There are 2 protein chains.
Amino acid sequence: MNEIEKFLEDKKVRPTAMRILIYKFLAQKEVAVALTDIENAFAKADRTTLYRTLKTFEENGIVHQIDDGTGISKYALCEKDCNCEIEQDLHLHFHCSNCNETVCLTEHKIPHINLPEGYVAEDVNLVVKGICEKCSN
Amino acid sequence: MNEIEKFLEDKKVRPTAMRILIYKFLAQKEVAVALTDIENAFAKADRTTLYRTLKTFEENGIVHQIDDGTGISKYALCEKDCNCEIEQDLHLHFHCSNCNETVCLTEHKIPHINLPEGYVAEDVNLVVKGICEKCSN
DNA sequence: ATTAAAAATGCACTTTCGTTGCATTTGATA
DNA sequence: TATCAAATGCAACGAAAGTGCATTTTTAAT
Ligand SMILES: [Mn+2]
Ligand SMILES: [Mn+2]
Ligand SMILES: [Zn+2]
Ligand SMILES: [Zn+2]
């Protein structure tokens with residue numbers, strides 16, 4: 001059994017052929033991907049399967065969903081020891097208005113936010129929109 | 001000519017009956033509103049008119065659109081001397097997962113974000129999700 | 001190996017929200 | 001009062017997310 005299969009099983013996800021392919025696809029991309037991107041990459045597979053694969057990955061801590069403000073959900077692999085927890089794992093996302101790509105800035109954790117009395121934070125989303133490094137040259 | 005009409009004209013928006021009503025509705029609400037909310041409040045008006053009114057208000061700096069992560073656009077009146085500019089006007093938004101309401105925390109400006117070399121910020125969206133003050137009692 | 005159960009996949013469809021084209025109405029201006 | 005531009009209303013469309021159910025594949029037990 002290879003490494004990816006082992007990884008998926010550790011995450012309690014059955015390593016089907018499709019899931020392994022999608023995992024490899026995500027691992028190879030350095031930007032966040034939309035369902036459509038995966039759909040285009042695997043024309044043979046049904047959209048629903050890809051959709052549910054992403055949901056399964058998300059529920060089991062393999063990917064995190066990214067709301068970059070475009071209205072289209074993006075997904076990216078989680079870091080090695082990520083639990084998607086506020087104050088620890090959550091990082092900034094950057095969406096380039098030129099190339100339309102969204103990237104995880106995993107080194108840039110979201111700062112602690114002070115809230116008014118009575119408010120309880122459970123999740124934070126911080127997205128910066130602008131021109132990315134590739135497009136600003 | 002009353003105060004609201006004057007205000008709209010200052011913003012280069014012709015103060016029609018519908019627009020005045022929608023402005024009053026927004027001014028009276030202390031939470032961000034969705035198109036559907038306005039639709040329900042003004043059953044007689046067409047959804048398209050309400051939609052375009054919000055767009056007009058947004059283009060002329062009367063309201064700002066809020067992406068709270070629910071996938072449904074919300075709108076709220078801008079502050080007195082707001083230009084919706086990064087580093088000055090942009091504030092934190094809070095979405096309550098219990099009552100599903102979204103509020104502007106206008107006193108909580110978005111902190112300056114350090115980006116990697118080459119990245120240029122043009123806009124920032126910071127949304128905290130959790131339990132609001134009303135729901136946490 | 002054979003079979004039964006569970007899980008994954010594929011297909012068709014629905015829903016929701018945002019958006020647009022165009023005809024009609026309203027309102028400002030001359 | 002006539003004219004023109006802007007606002008409104010109606011009827012669609014389109015993208016994306018999501019669901020129900022039949023079929024296939026995989027796992028596990030016999
Ligand atoms: Mn990320
Ligand atoms: Mn706001
Ligand atoms: Zn770019
Ligand atoms: Zn609440």
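What you are looking at is a predicted structure, and each value in this text was computed from that prediction instead of being measured.
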Starting at CD of A:E101, measure out to CD of A:E30 and round the result to the nearest 0.5 Å. 6.5 Å
Using a 4.0 Å cut-off on heavy atoms, which residues in residues 47-70 of chain B reach DNA chain C? List them by number, or say none. B:R47, B:T48, B:Y51, B:R52, B:K55
Linking I/L/V/M/F/W/Y whenever their side-chain heavy atoms sit closer than 4.5 Å, directly or via other members, would [X] and [Y] fall into one cluster?
X      : Y     : answer
B:V63  : B:L90 : no
A:L115 : B:V31 : yes
A:L92  : A:F94 : yes
A:L77  : A:I22 : yes
B:L35  : B:I72 : no

Bounds of contact between DNA chain C and chain A, in 5' to 3' order, using a heavy-atom cut-off under 4.0 Å: C:dA7 to C:dA12
Using five base pairs at each end, measure the axis-to-axis angle across the helix from C:dA1-D:dT30 to C:dA30-D:dT1 and round it to 10 degrees. 20°
Do A:H64 side-chain atoms and A:A76 backbone N/O form a donor-acceptor pair below 3.5 Å? yes
Do B:K6 and B:E9 meet the salt-bridge criterion of a basic N to acidic O distance under 4.0 Å? no
Steps toward ring-ring contact (aromatic ring centres under 6.0 Å, His included) verdict (A:Y75, A:F57): CA-CA 10 Å; A:Y75 299 85; A:F57 280 8; 9.7 Å; no
